[in-house]
Amino acid sequence: MRTFIPIIPVFFIFLLFCSLTSAQTEIIKLPEVNLEGKLSLEETLKERKSRRSYLKSMMTIDEVSQLLWAAQGINRNDGRRTAPSAGALYPIELYVLIGNVEGITNGLYLYVPSNHSLILKNNKNLIPKLSDAMQQFVSSGSVVFIITGVYERTTKKYGERGIRYVHMDVGFAAQNIYLQAESLGLGTVFMGAFNDNLLTDILQLPQNHKPLGVMPVGRVR
Ligand SMILES: Cc1cc2nc3c(=O)[nH]c(=O)nc-3n(C[C@H](O)[C@H](O)[C@H](O)COP(=O)(O)O)c2cc1C
């Protein structure tokens, strides 16, 4: 006897499945970066400092694009990046929480250096929740960068010594964010004091993406 397959309900279930999976893989192609800033490198270094209070005014998608590129963007044809990395193994996965940016819907995104884009991971604004895991001023950032490290990418080659290399990679990316922020009239601070488990839980990070630094950014002038 032939099995009867109800075609119409199956078709609707298929459509529902497609819409759910596409919602999870929303991708934002970021604008091209600007290679001509307003401040010289020397002026930027002169001004750089940790800034913990930010204006409420919106940031722009161009500024977010610029900061992500400064942190981990590709700057050469061979695919290497703006920040150095031990063995060019790139253990950093860079997340950004968007809370007050013209041109990007609030949510948690993962940066994809290979095509300078963002993948939506969570469409809720989780920035207010961050203060459960760390100093409260973090929640006044218009965006918040979460620098995570995937240790095994580097320890696979360098063994235990790779752990320190991952931390060094984080430092380079963070300093690039500091400098790019300063030259755009934005402020930031590197925050290392947070509750690892709570932060991982709030952001639902994959188990091997270890949060190593948090950087709120907002307009300061
Ligand atoms: C590894 C590291 C961890 C830090 N963690 C925090 C932090 O959790 N909270 C904070 O307010 N500042 C933090 N800072 C910022 C320092 O307090 C700041 O860099 C220092 O006071 C010097 O000030 P400056 O950055 O303005 O030169 C951290 C800096 C580094 C390098």
Side-chain angles (χ1 to χ4, degrees), residues 37-56 59 63-64 66-68 70-73 81-86 89-100 108 111 125-151 153-155 158 160-203 205 208-221:
K38 290 199 181 92
L39 295 184
S40 70
L41 176 60
E42 292 76 10
E43 287 166 324
T44 308
L45 286 166
K46 163 87 175 50
E47 294 301 318
R48 188 222 60 91
K49 65 177 181 179
S50 294
R51 300 178 190 269
R52 298 177 179 82
S53 70
Y54 317 107
L55 302 173
K56 293 213 185 312
M59 283 174 50
E63 289 166 335
V64 172
Q66 204 73 34
L67 289 161
L68 288 161
Q72 281 295 284
R81 302 187 186 177
T82 50
S85 175
L89 292 170
Y90 303 112
I92 290 177
E93 291 293 331
L94 181 60
Y95 290 84
V96 61
L97 285 154
I98 302 290
N100 188 22
L108 172 70
Y111 179 54
N125 181 6
L126 298 172
I127 293 180
K129 287 287 289 170
L130 289 184
S131 53
D132 294 353
M134 55 204 306
Q135 287 159 284
Q136 291 201 349
F137 71 80
V138 71
S139 296
S140 61
S142 293
V143 308
V144 182
F145 291 96
I146 314 289
I147 308 175
T148 74
V150 182
Y151 284 105
R153 281 187 202 156
T154 305
T155 55
Y158 296 110
E160 201 159 313
R161 198 170 185 82
I163 295 170
R164 71 165 79 170
Y165 291 162
V166 174
H167 298 163
M168 289 171 185
D169 275 36
V170 171
F172 289 116
Q175 180 71 353
N176 284 4
I177 294 176
Y178 260 115
L179 295 176
Q180 182 65 83
E182 198 61 56
S183 88
L184 291 170
L186 305 168
T188 189
V189 55
F190 183 90
M191 303 176 73
F194 48 80
N195 180 314
D196 293 348
N197 292 337
L198 210 47
L199 185 60
T200 301
D201 198 47
I202 292 166
L203 304 177
L205 295 174
N208 63 342
H209 292 195
K210 303 292 185 198
L212 297 171
V214 175
M215 298 183 75
V217 181
R219 204 170 294 293
V220 291
R221 51 182 178 268

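In each ligand, atom 1 is the first atom listed, and ligand 1 is the first ligand listed.
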inquiry  = Using the side-chain contact (heavy atoms from CB on, under 4.5 Å) definition, which of the options L97, V214, T188, L67 pairs with F145?
reply    = L67

key: Closest approach of Q136 to S131 (non-hydrogen atoms, all atoms of both residues)   = CA-CB, 3.8 Å

message = Nearest non-hydrogen contact with atom 16 (C) of ligand 1 belongs to which option: M215, R48, R52?
response = R52

request  = Look only at interatomic distance and state if F190 has a nitrogen or oxygen under 3.5 Å from any nitrogen or oxygen of ligand 1.
outcome  = yes

note = Near A193 (heavy-atom distance under 4.0 Å), the atoms of ligand 1 are 8 (O)

ask   = Which ligand 1 atoms does F137 reach within 4.0 Å, using its non-hydrogen atoms?
value = 11 (O)

inquiry  = Give the atom numbers and elements of ligand 1 that come within less than 4.0 Å of a heavy atom of Q135.
reply    = 7 (C), 8 (O), 9 (N), 10 (C), 11 (O)

task = Evaluate the 4.0 Å heavy atom contact test for atom 7 (C) of ligand 1: does a protein atom fall under the cut-off?
result = yes

query = Do T148 and Y95 touch side chain to side chain, with heavy atoms closer than 4.5 Å?
reply = yes

request  = Grab the two heavy atoms, one from L89 and one from R153, that are nearest each other, plus how far apart they are.
outcome  = CD1-O, 3.4 Å

query = Please state which protein non-hydrogen atom is closest to atom 19 (O) of ligand 1 and give its distance, to 0.1 Å?
reply = S50 OG, 3.4 Å

note = ligand 1 to K49, heavy atom cutoff 4.0 Å, flagged ligand atoms 26 (O)

message = Can you confirm if the NZ or CZ of R219 lies within 45° of the ring axis of Y54 and under 6.0 Å from the centre of its six-membered ring?
response = no

ask   = Distance below 4.0 Å between atom 13 (C) of ligand 1 and any protein heavy atom?
value = yes

ask   = Just checking, is any N or O donor in the side chain of H167 or Y151 under 3.5 Å from an acceptor N or O on the other one?
value = yes

ask   = With a 4.5 Å limit on heavy-atom distance, are the side chains of F194 and V138 in contact?
value = no

query = Using heavy atoms and a threshold below 4.0 Å, how should the contact between M134 and ligand 1 be classified: side chain, backbone, both, or neither?
reply = neither

request  = Specify the protein heavy atom at minimum distance from atom 5 (N) of ligand 1: its residue, its atom name, and the distance to 0.1 Å.
outcome  = G192 N, 2.9 Å

task = Can you see which heavy atom on A71 is nearest to which on L94, and at what distance?
result = CB-CD2, 3.6 Å

key: Any protein heavy atom nearer than 4.0 Å to atom 22 (C) of ligand 1   = no

ask   = Salt bridge check: are E182 and R51 linked by an N-O gap of less than 4.0 Å?
value = yes

task = Heavy-atom contacts with V189 under 4.0 Å: which atoms of ligand 1 show up? List them by number with element.
result = 12 (N), 15 (C)

